[in-house]
*Asks:* 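Pasting in a structure now, in structure tokens, and then I'll have a few things to ask.
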There are 2 protein chains.
Amino acid sequence: MPRSQPLNDQALEIVARRFAVLAEPMRLRLIQALFDGEKNVTELTVLTGGTQANISRHLQTLIAAHILARRKDGLQVFYRISDPTIPKLCELVCGSLEKSLKKQAGHLNPSR
Amino acid sequence: MPRSQPLNDQALEIVARRFAVLAEPMRLRLIQALFDGEKNVTELTVLTGGTQANISRHLQTLIAAHILARRKDGLQVFYRISDPTIPKLCELVCGSLEKSLKKQAGHLNPSR
DNA sequence: CAAGTATATACGCATTTGCTCATATATTAA
DNA sequence: TTAATATATGAGCAAATGCGTATATACTTG
């Protein structure tokens, strides 16, 4: 979000949509599972502990958002992270999460 | 999101919730409006073109997420960005948005 | 205290979204 | 072609969420 000029309505909707796609624990789990390389739907279903239908749906959502890409090989479809900003984004949020947890711990156990 | 160990369920929910808070155009507009310093509710209501009730609600959401902080001065309440990762996050998403728009433009107007 | 201003909140409604179950669509193999 | 496997999708339901209207709360001033 550039500081110079505010985003117009359409751009804001696109940015908001992008955040919305990342706003589901199951989708974050899928992204996490793909950090170390591509996996097919069955593998992802097992890894995340979801139903096949639900995992497939979330994968379509991530594809539509251009966060993942797919490669078909016979019966199987392999998914991988296609947007390089995604890992950075996740790390940024995670870092701030860790910080606030530390701060909380500090408040629970003050120095005096 | 650290690559070493996957986040547990609770951490995933917290991260997802953080993204969800950023997944509303009106809240992004508020954040944008606060990039150049604190503003009170009336100012924000005028700048964003929302109703007072709605703006107030969104501000409470952003406060609960520790993205904004508030300062009361008499009748007025001033809000400001309190989480330093927010501008970085927005820039990251915006940058990727610009890139994909350029790519799209490129496809619409190929070199040959 | 009464009136006026700034902000927050309760309520109800409409929309969106995630989930499950069942089924459809490939693709491969017999 | 038939059966089996992997993935995608349609239908319906329940929960979450955003918004407007009206009202409540807090603070200031006369």
Side-chain angles (χ1 to χ4, degrees), chain A residues 9-10 12-34 38-82, chain B residues 9-10 12-34 38-82:
Chain A
D9 290 7
Q10 196 191 350
L12 278 178
E13 298 231 356
I14 295 176
V15 173
R17 178 61 195 159
R18 188 164 189 77
F19 282 125
V21 171
L22 296 172
E24 276 305 311
M26 184 56 91
R27 286 199 285 267
L28 292 177
R29 227 175 290 178
L30 288 169
I31 289 173
Q32 260 194 153
L34 293 174
E38 66 174 17
K39 293 187 175 57
N40 66 34
V41 179
T42 303
E43 289 173 315
L44 290 171
T45 300
V46 173
L47 276 173
T48 59
T51 65
Q52 184 270 321
N54 199 28
I55 297 305
S56 182
R57 246 185 261 284
H58 282 306
L59 289 172
Q60 305 319 307
T61 301
L62 289 163
I63 286 285
H66 300 105
I67 289 173
L68 302 187
R70 31 177 291 164
R71 173 180 73 85
K72 205 169 178 182
D73 181 20
L75 269 180
Q76 303 175 354
V77 180
F78 289 85
Y79 287 83
R80 65 178 182 278
I81 296 177
S82 66
Chain B
D9 289 7
Q10 197 192 350
L12 277 179
E13 299 233 353
I14 295 175
V15 174
R17 178 62 195 156
R18 189 162 189 78
F19 282 124
V21 171
L22 296 172
E24 277 304 310
M26 184 56 92
R27 286 199 284 268
L28 293 178
R29 228 175 288 178
L30 288 169
I31 289 172
Q32 259 193 154
L34 293 174
E38 68 174 17
K39 293 186 176 56
N40 66 35
V41 179
T42 302
E43 289 174 314
L44 290 171
T45 300
V46 173
L47 275 173
T48 60
T51 65
Q52 185 270 322
N54 200 29
I55 297 306
S56 182
R57 245 194 296 272
H58 283 306
L59 289 171
Q60 304 320 306
T61 301
L62 289 163
I63 286 285
H66 299 105
I67 289 173
L68 302 186
R70 31 177 290 164
R71 174 181 72 84
K72 206 170 178 183
D73 181 21
L75 269 181
Q76 303 174 352
V77 180
F78 289 85
Y79 287 84
R80 64 179 182 279
I81 296 176
S82 66

*Asks:* Can you find a side chain N or O atom of B:T42 that sits less than 4.0 Å from OP1 or OP2 on C:dT7?
*Replies:*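 Answer is yes, contact under 4.0 Å.
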*Asks:* Atom CD of B:E13 to atom C1' of D:dA16: distance rounded to whole Å?
*Replies:*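 Rounded to whole Å, this separation is 13 Å.
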*Asks:* Where do A:M26 and A:T48 land on the side-chain contact (heavy atoms from CB on, under 4.5 Å) test, with the steps shown first?
*Replies:* CA-CA 7 Å; A:M26 184 56 91; A:T48 59; 3.7 Å; yes
*Asks:* Ignoring hydrogens and angles, tell me if any N or O in the side chain of A:Q60 forms a donor-acceptor pair with the backbone of A:S56 under 3.5 Å.
*Replies:*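 Checking the backbone N and O of A:S56 against the side chain of A:Q60, a donor-acceptor pair under 3.5 Å is found.
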*Asks:* For the side chain of A:N40, counting heavy atoms from C-beta on, which of D:dT7, D:dT17, D:dT21 is nearest?
*Replies:*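 Shortest atom-to-atom distance from the side chain points to D:dT7.
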*Asks:* Between P on C:dC19 and CD on A:E24, what's the gap in Å once rounded to a whole number?
*Replies:*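 These atoms are roughly 6 Å apart.
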*Asks:* Between C:dT7 atom C1' and B:D73 atom CG, what is the distance in whole Å?
*Replies:*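 Rounded to the whole Å, the gap is 14 Å.
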*Asks:* Go through the N and O atoms of the side chain of A:Q52 and the base of D:dA6, and report whether any donor-acceptor pair is under 3.5 Å.
*Replies:*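 Check fails, no donor-acceptor contact within cut-off.
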*Asks:* For B:L68 and C:dA8, give me the distance from atom CG to atom P, rounded to whole Å.
*Replies:*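 Rounded to whole Å, this separation is 11 Å.
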*Asks:* Please give, in whole Å, the distance from C:dG18 C1' to A:Q60 CD?
*Replies:*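 Taking atom C1' of C:dG18 as the reference, CD of A:Q60 is at 15 Å.
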*Asks:* If you look at every strand shown and take non-hydrogen atoms under 4.0 Å, does B:R17 touch a base, only sugar-phosphate, or nothing?
*Replies:*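 Sugar-phosphate, backbone atoms only, no base.
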*Asks:* For A:N54 and C:dC19, is the shortest distance between a side-chain N/O and OP1 or OP2 below 4.0 Å?
*Replies:*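 So the side-chain polar atoms of A:N54 do come within 4.0 Å of the phosphate oxygens OP1 or OP2 of C:dC19, strictly under.
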*Asks:* Check the distance between D:dG18's P and A:L12's CG and give it to me in whole angstrom.
*Replies:*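 After rounding, the gap between these two atoms is 15 Å.
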*Asks:* Which nucleotide, D:dA6, C:dT20, D:dT7, lies nearest any side-chain atom of A:S56?
*Replies:*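 So the side chain of A:S56 is nearest to D:dT7.
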*Asks:* Taking CZ from B:F78 and C1' from C:dT7, how many angstroms apart are they, rounded to a whole number?
*Replies:*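 Rounding to the nearest Å, CZ of B:F78 and C1' of C:dT7 are 12 Å apart.
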*Asks:* How far apart are the closest heavy atoms of B:R18 and B:A65, and which atoms are they?
*Replies:*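 Nearest heavy atoms, B:R18 then B:A65: NH1-O, 3.5 Å.
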*Asks:* Using only atom types and a distance under 3.5 Å, with no angle test, would you say the side chain of B:E43 pairs donor to acceptor with the backbone of B:N40?
*Replies:*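 Pair found, side chain donor or acceptor close to backbone of B:N40.
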*Asks:* Counting just side-chain N and O atoms, does A:Y79 come under 4.0 Å of either OP1 or OP2 of D:dA8?
*Replies:*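 For A:Y79, the contact criterion (side-chain N or O under 4.0 Å from OP1 or OP2 of D:dA8) is met.
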*Asks:* Does A:R57 contact C:dT20 through a side-chain donor or acceptor facing the base, at a distance under 3.5 Å?
*Replies:*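 Present.
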*Asks:* What integer distance in Å separates A:L75:CG from C:dT27:C1'?
*Replies:*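 Rounded to whole Å, this separation is 4 Å.
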*Asks:* D:dC19 phosphate, OP1 or OP2: any side-chain N/O from B:H58 under 4.0 angstrom?
*Replies:*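 Answer is yes, contact under 4.0 Å.
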*Asks:* Could you give the distance from NE2 (B:H58) to CD (B:E24), rounded to the nearest 0.5 Å?
*Replies:*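 Answer for the NE2-CD pair, B:H58 versus B:E24, is 6.0 Å.
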*Asks:* Is the phosphate of C:dG18 approached by A:R27 (side-chain N or O, under 4.0 Å from OP1 or OP2)?
*Replies:*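 Checking A:R27 against C:dG18: at least one side-chain N or O falls below 4.0 Å of OP1 or OP2.
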*Asks:* Which is more 5' along DNA chain C, the nucleotide nearest A:A23 or the one nearest A:K72? Just name the residue.
*Replies:*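 Comparing both residues, the 5'-ward one is A:A23.
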